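Please read all numbers here as calculations on a predicted model, not as lab measurements. Numbering starts at 1 and runs along the sequence shown.
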Amino acid sequence: MWLAREQEVEIRRPPQFQPGERVRATRHIKNDGTYPGREIGENLVRKGEEGYVRDIGTFLQQFFIYAVEWIDRGTVVGMRARELTSLDKADAPCSVEENANKGTAA
């Protein structure tokens, strides 16, 4: 029996977002204890807020972490690709639309 679901290694393909790209949060993001100076569970980013990718890093040599500057909040928060959607790539579907269309035939 598997205890955990194996996840794809993201860093084997190019990053989904580039520095300077305008993005929108697709989920509420709360402090999991890794953001200094804020209480655990405190909201860091709200769904729908817009920001800009400042930098790209990796986590566990498996995932891209996008340092996103949230101008209205004056903060920089590390985000995963599944938590963001691009506002600069208007033709690119968000991950929910992409997954919904995988099962349809053309």
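Ile29 places none of its side-chain heavy atoms less than 4.5 Å from the side chain of Asn43. Under the 4.5 Å side-chain criterion, counting only non-hydrogen atoms from C-beta, Arg27 is not in contact with Lys47. Under the 4.5 Å side-chain criterion, counting only non-hydrogen atoms from C-beta, Val77 is in contact with Val45. A 4.5 Å side-chain heavy-atom check between Phe64 and Arg80 finds every atom pair outside the cut-off.
Distance alone, capped at 3.5 Å, is enough to place a donor-acceptor pair between the Thr26 side chain and the Arg82 backbone. Judged by distance alone, with hydrogens and angles left aside, the side-chain atoms of Thr58 form no donor-acceptor pair with the main-chain N or O of Gln61 at under 3.5 Å.
With sequence neighbours excluded, the residues that form a side chain to side chain contact (heavy atoms under 4.5 Å, CB included) with Arg73 are Arg46, Glu49, Trp70, Thr75. In this structure Arg22 satisfies the side chain to side chain donor-acceptor pair (under 3.5 Å) test together with Glu50, sequence neighbours excluded. Every side chain to side chain contact (heavy atoms under 4.5 Å, CB included) that Arg13 has, sequence neighbours left out, goes to Glu8, Glu10, Gln16. In this view, Phe17 and Tyr66 satisfy the ring-ring contact (aromatic ring centres under 6.0 Å, His included) rule, not counting sequence neighbours.
Residue pairs meeting the salt bridge (charged side-chain N to carboxylate O under 4.0 Å, His left out) criterion with at least one member in residues 59-69, sequence neighbours excluded: Arg54-Glu69.
Between atom CD1 of residue Ile65 and atom CG of residue Asp55 there is a gap of 11.5 Å, rounded to the nearest 0.5 Å. In this structure, Asp88 CG and Glu21 CD are separated by 5.5 Å, a value rounded to the nearest 0.5 Å.
Nearest heavy-atom pair across Met79 and Val68 is CG-CG2, 3.9 Å. Taking each heavy atom of Pro19 and Ile56 in turn, the nearest pair found is CD-CD1, 3.8 Å.
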Could you list the donor-acceptor pairs under 3.5 angstrom formed between side-chain atoms of residues 32-42 and any protein atom two or more places apart in sequence or on another chain?
unit_1, atom_1, unit_2, atom_2, d
Asp32, OD1, Thr34, N, 3.0
Asp32, OD1, Thr34, OG1, 2.5
Glu42, OE1, Glu39, N, 3.1

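Clustering of Ile, Leu, Val, Met, Phe, Trp and Tyr by side-chain heavy atoms under 4.5 Å joins Val76 with none of the others. Connectivity analysis of hydrophobic side chains (ILVMFWY, heavy atoms under 4.5 Å, direct or indirect) links Ile71 to Tyr52.
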